[in-house]
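Report on one structure; see the data block that follows.
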Amino acid sequence: LTVGLSGCMDEKNKFIGSWQAAGGGTITFNSNNTVVIIDIGMFGLIELTGVITYSVANQQITFSVGSIGKTLNYSFPNSNTLILTNDAGLSLTLTKM
């Protein structure tokens, strides 16, 4: 049980910090499960405003504002690159700042 829990925490910790999109804009993941998204249209991937929270499970990340949520697939090709994709095949590549 402890191994499973620490594995989940390690995965979440990969997100913590600020990430920049190639076209500008940033996403900052905080350790308290909140996220700040600045100037990223996300190509329709995320269209949320307000206090945004996130959760990570099963290679997916869910961004939520109240009862509205958006779930995306994610991958880390390396420690400085995060790729978010939706079911329609749209993707956003972010680089750790």
Side-chain angles (χ1 to χ4, degrees):
L1 181 62
T2 302
V3 174
L5 291 175
S6 66
C8 293
M9 291 303 293
D10 291 342
E11 191 69 12
K12 181 187 158 203
N13 286 336
K14 291 180 184 180
F15 288 92
I16 305 300
S18 294
W19 298 80
Q20 184 164 29
T26 60
I27 299 178
T28 301
F29 294 93
N30 301 307
S31 59
N32 66 353
N33 292 340
T34 61
V35 62
V36 178
I37 300 174
I38 300 174
D39 293 332
I40 293 184
M42 301 285 275
F43 311 104
L45 292 177
I46 302 175
E47 296 174 3
L48 301 173
T49 57
V51 177
I52 303 170
T53 59
Y54 70 97
S55 59
V56 176
N58 303 318
Q59 292 301 115
Q60 293 185 317
I61 184 166
T62 300
F63 296 93
S64 303
V65 175
S67 62
I68 300 169
K70 183 72 170 180
T71 300
L72 303 171
N73 298 310
Y74 70 84
S75 64
F76 290 97
N78 60 56
S79 62
N80 294 320
T81 305
L82 167 60
I83 299 174
L84 300 175
T85 57
N86 69 7
D87 291 338
L90 297 175
S91 67
L92 177 69
T93 300
L94 300 156
T95 304
K96 189 89 175 218
M97 297 174 62

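This is a predicted model, so every value here is computed, not measured.
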- Query: What is the distance from atom CG of Leu82 to atom CD of Gln20, rounded to the nearest 0.5 Å?
  - Reply: 13.5 Å
- Message: A quick test of your reading: do over 12 heavy atoms of other residues, nucleotides or ligands sit less than 6.0 Å from CG of Asn32?
- Response: yes
- List for me each residue that meets ring-ring contact (aromatic ring centres under 6.0 Å, His included) alongside Tyr54, sequence neighbours excluded, and say none if there are none. Phe29
- Note on the structure: Nearest heavy-atom approach of Lys96 to Ile16 is NZ-O, 2.6 Å
- Residues forming a side-chain hydrogen bond (donor to acceptor under 3.5 Å, both in side chains) with Asp87, sequence neighbours excluded: none
- Same apolar cluster: Phe76 and Leu94, side chain cutoff 4.5 Å: yes
- Message: Once side-chain hydrogen bond (donor to acceptor under 3.5 Å, both in side chains) is applied, do any residues pair with Asn80, and if so which ones, sequence neighbours excluded?
- Response: none
- Minimum heavy-atom distance Glu11-Tyr74, with the two atoms named: OE2-OH, 2.8 Å
- Does the side chain of Leu72 come within less than 4.5 Å of Phe63's, by heavy atoms? yes
- side-chain hydrogen bond (donor to acceptor under 3.5 Å, both in side chains) involving Asn78 - partner list, sequence neighbours excluded: Thr81
- Item | Partner set under side-chain hydrogen bond (donor to acceptor under 3.5 Å, both in side chains) for Ser55, not counting sequence neighbours | none
- Message: Given 3.5 Å as the limit, does a donor-acceptor pair link the side chain of Lys12 with the main chain of Ser31, or not?
- Response: yes
- Item | Polar side-chain atom of Asn86 near backbone of Gly89 as donor-acceptor pair, under 3.5 Å | yes
- Item | Residue pair Ile61 / Leu84: nearest heavy atoms and the distance that separates them | CG2-CD2, 3.9 Å
- Message: Would you compute the distance between atom CD1 of Ile68 and atom CD1 of Ile52 and round it to the nearest 0.5 angstrom?
- Response: 11.0 Å
